[in-house]
Amino acid sequence: MKYQPDESGGDAPEQPASLSIAARAMASLRPEAAAYSSGLNPEQRRAVEATEGPVLVLAGAGTGKTRVLTTRIAHLIATGKARPYDILSVTFTNKAAREMKHRIGALIGPAGEGMPWLGTFHAIGTKILRRHAELVGLKSDFTILGMDDQLRLMKQVILDQNIDEKRWPARALGSVIDGWKNRGLLPEQVPPGEAQAFAFGKGGALYSAYQARLATLNAADFGDLLLLCLKLWRENPDVLENYQNRFRYILVDEYQDTNVAQYLWLRLLAQLRKNVCCVGDDDQSIYGWRGAEVDNILRFEHDFPGAVVVRLERNYRSTGHILAAASGLIAKNESRLGKTLRTEAEPGEQVTVTGAWDSEEEARGLGEEIEQLQRKQHPLSEIAVLVRISAQMREIEDRFVQLGLPYRVIGGPRFYERAEIRDALAYLRITANPADDLAFERIFNTPKRGLGDATLQVLHAYSRAERIPILAASRKIIETDELKPRARTMLRGLVESFTRWARLVGAQPHSEVAQTILEESGYTDMWKKDRSADAAGRLENLKEFVRSMEEFPDLGAFLEHVSLVMEASETEGADRVSLMTLHAAKGLEFDTVFLPGWEDGLFPNQRALDESGRAGLEEERRLAHVGLTRARKRAKLSFAVNRRIHGMWNSTIPSRFIDELPPGAVEVLDAPAHFQAGASRFDRNPTPFGSSYGTPGWQRAQANSGGGNFGASRGPSGRSGGPRQIEGELVAKSTGSASSFQEQMRVFHTKFGPGTVAAVDGNKLTVDFDKAGRKMVLDSFVQPG
DNA sequence: TCTTTCTCAATTTTT
DNA sequence: TTGAGAAAGA
């Protein structure tokens, strides 16, 4: 990856003329008359206009946080207090950065477009590191490692240190090291006690070894992008001073999500001028588990004495009932700065709570309610289903598929994380940088070239001994008798290909080079020959991948983009229900929000409770608060009394959060109407599922319903043993009688191949497969043949 | 070296 | 129940 000089003014202090005429003209206007700030409420205006000194903006959900941030930037530029390149503006996600750029552009026109220092922590860290790489032991074209590279590297280090990978898996140790990096700790700064606590006392040594490997590879992982900035600044005060002077104003979005490293990073930069404005909401801090420190926001006034604190409490998003529910809930948290959201909107519909017998019925009810909304012309794109864990999605998706309800999953596997894309990228990375060992290892036997572990071991040993990259080692080894003839031939082919491809770079447009590489390496053919269902999709992805390269000036720029951004342009527009985790929902809003799975153990999640105790519970509660505040008009909670966890049915109790909602804002619904009629005959049956009715959670739910008859009337049906089996049987019977298979019939099964029917039992067949032996299968999976 | 079978674990996830 | 990753078999 090459460093791309930034023409938009990264070094702009030398060219002050870049302030546009329009901006200068706007600067002459009195601020209160400026168009960009019209329509701000008094608090927002205060947050925008308090430009000097430290400012903390506590912006509750839906109070116009982004508006304040962008207007503040516009204000700084329009009043001439700062030029675009004087402002450092950091966000967490690329999406937020993009949105901010867009909105600033809309406010002040092209003058804001060249904001070179608006970006994610990591993007800005990268930019800074590339300029001073040699001061921290890297070259300016260092590679940025993704998570899978990181894992591969970690495995090697573990192997080197002779640590049992079963006791200390690479994943676990990787996250320990990440944790240290998040806290701004270099290997030598890790407290000895902690360094000893992992991997048989070798935790610290492992970290050092890992960093050493990174340095030899001329690579940095995500944590390094910040950590090495800290190192750079601490060891080179002159460099730090340069940046302290350069950034006259600093703005931080989502401050509650900053970790210690980011906090230190900001504090170093802000130390001199102290013009730092942090915007955040302690009630929306939901990333504690990956190092975010709510304390950063709780401590702001202490760290920056004399800080102006502005509270944004006017909510422009949700109706009264939704806001009341969310506020009532979050008020149960003890560690918070405290805000009270207000709205002038109508109370609207109450938040609904629905109980279901099991998660399947919950999903069914969900589908039903969405279809009802759909019939009332409610756009699907304004409906979201927010779940606590991704595992909840499957059942819901199944239901949507059955109903033919269009939906999209947000935050699934990202484009650049797909295997085929990572493979393609690996080919390009080695072509661009022959020293990229991790990329080489990824694809040297993909597609299959008969090169396996044994060959890799030989290459590794040689490359270590000679201190050269693996590709260079390969080049030498194929001239010796080190490898078996077959492996040598295959390796020679590969090495020669890379030499050839490297020559193409620069000579041909880079997307064509990529196309050539993918074809000549046999990679595309590999997928063309693949018979599995998703092969076609993968080929499609590869095409899209090559196409997306055209947007970049050269291969280096493309690879840099990919390593930092990891997401492809989204296809917007279609009218679909959105399905995502609560975490992924932060920052989004919808007219109607469904919140299924509010059961103790699932939400609040047991693991969060076990691992972090009260702090964990509070974070879960904040998550609930985030979920509720996503809704503009309707929030619909539900829980199931039985849920399958890891394939086993467990009985569950409603979430304690349900009880914490202010009763006035909540309406407890009976089970879905479609279920009532069929279930009524079971109403007189006593407690069909034993203990559940007597549990505290159930009683809480009953008490909350006011009438105390919650659940009883809908009678979760005396379907003892769970509805699944019964339903399964019903299905079996209804189709079973019509089974068109008979004994001795020849059949074909997509997985087991051809076979002969040995017995028929309803829709279940016992088949003697020619290859797979005797199996019991459902008739719908076989064809007569 | 490639393929099949088995074992074991199992939030949340951006950069 | 499902999936990934490792051991065992071909």
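The chains referred to below are lettered A, B, ... by the order of the sequence lines, with proteins before strands, and numbering in each begins at 1. Computed from heavy atoms alone, side chains included, the values below leave out hydrogens, waters and symmetry copies.
- Dashed line: the shortest gap from a side-chain N or O of Asn182(A) to OP1 or OP2 of dT15(B) is not under 4.0 Å.
- Between dT1(B), dT11(B), dT15(B), one nucleotide has an atom nearer to the side chain of Met147(A) than all others, and that is dT15(B).
- Dashed line: the shortest gap from a side-chain N or O of Ser175(A) to OP1 or OP2 of dT13(B) is not under 4.0 Å.
- Residue contacts for Glu254(A): at a heavy-atom cut-off of 4.0 Å it reaches no nucleic acid atom on any strand shown.
- Nucleotides dG3(C) and dT14(B) have their C1' atoms positioned 23 Å apart, rounded to a whole Å.
- Put simply, CZ on Arg643(A) is 14 Å from C1' on dT11(B), counting in whole angstrom units.
- For dA9(B), the base is not stacked against the aromatic ring of His646(A), per a cut-off of 5.5 Å between centres and 30° between planes.
- Counting only N and O atoms by type, the side chains of Gln392(A) and Glu362(A) include no donor and acceptor under 3.5 Å apart.
- When each of Lys484(A) and Leu623(A) is assigned the nucleotide of DNA chain B with its nearest heavy atom, Lys484(A) is the one assigned upstream, toward the 5' end.
- Summarising the local packing, CZ of Arg614(A) is surrounded by more than 12 heavy atoms from other residues, nucleotides or ligands at distances under 6.0 Å.
- You'll find that the side chain of Lys448(A) is closest to dT3(B), out of dT3(B), dT14(B), dT12(B).
- Remark: Arg290(A) qualifies as a cation-pi partner of Tyr287(A) under the 6.0 Å distance and 45° angle criteria applied to the six-membered ring.
- dT12(B) has Trp289(A) stacked on its base ring, the centres lying under 5.5 angstrom apart and the planes within 30 degrees of parallel.
- Computed from coordinates, the Arg98(A) CZ to dT14(B) P distance equals 13 Å when rounded to whole Å.
- Using a 4.5 Å heavy-atom cutoff, the side chains of Leu451(A) and Leu491(A) are in contact.
- Between dT15(B) and Asn94(A), a contact under 4.0 Å exists linking OP1 or OP2 to a side-chain N or O.
- Following rounding to the nearest Å, Phe121(A) (CZ) and dT14(B) (P) show an atom-to-atom distance of 17 Å.
- Across all strands, Asn445(A) comes closer than 4.0 Å only to sugar-phosphate atoms, never to a base (heavy-atom distances).
- Regarding contacts with the backbone of dT12(B), a side-chain N or O of Ser390(A) is found under 4.0 angstrom from either OP1 or OP2.
- At the phosphate of dT13(B), OP1 or OP2 sits under 4.0 Å from a side-chain N or O atom of Thr581(A).
- Checking dT11(B), dT1(B), dT12(B) against the side-chain heavy atoms of Glu611(A) singles out dT11(B) as nearest.
- Between Arg394(A) and dG3(C) there is a side-chain polar atom (N or O) within less than 4.0 angstrom of OP1 or OP2.
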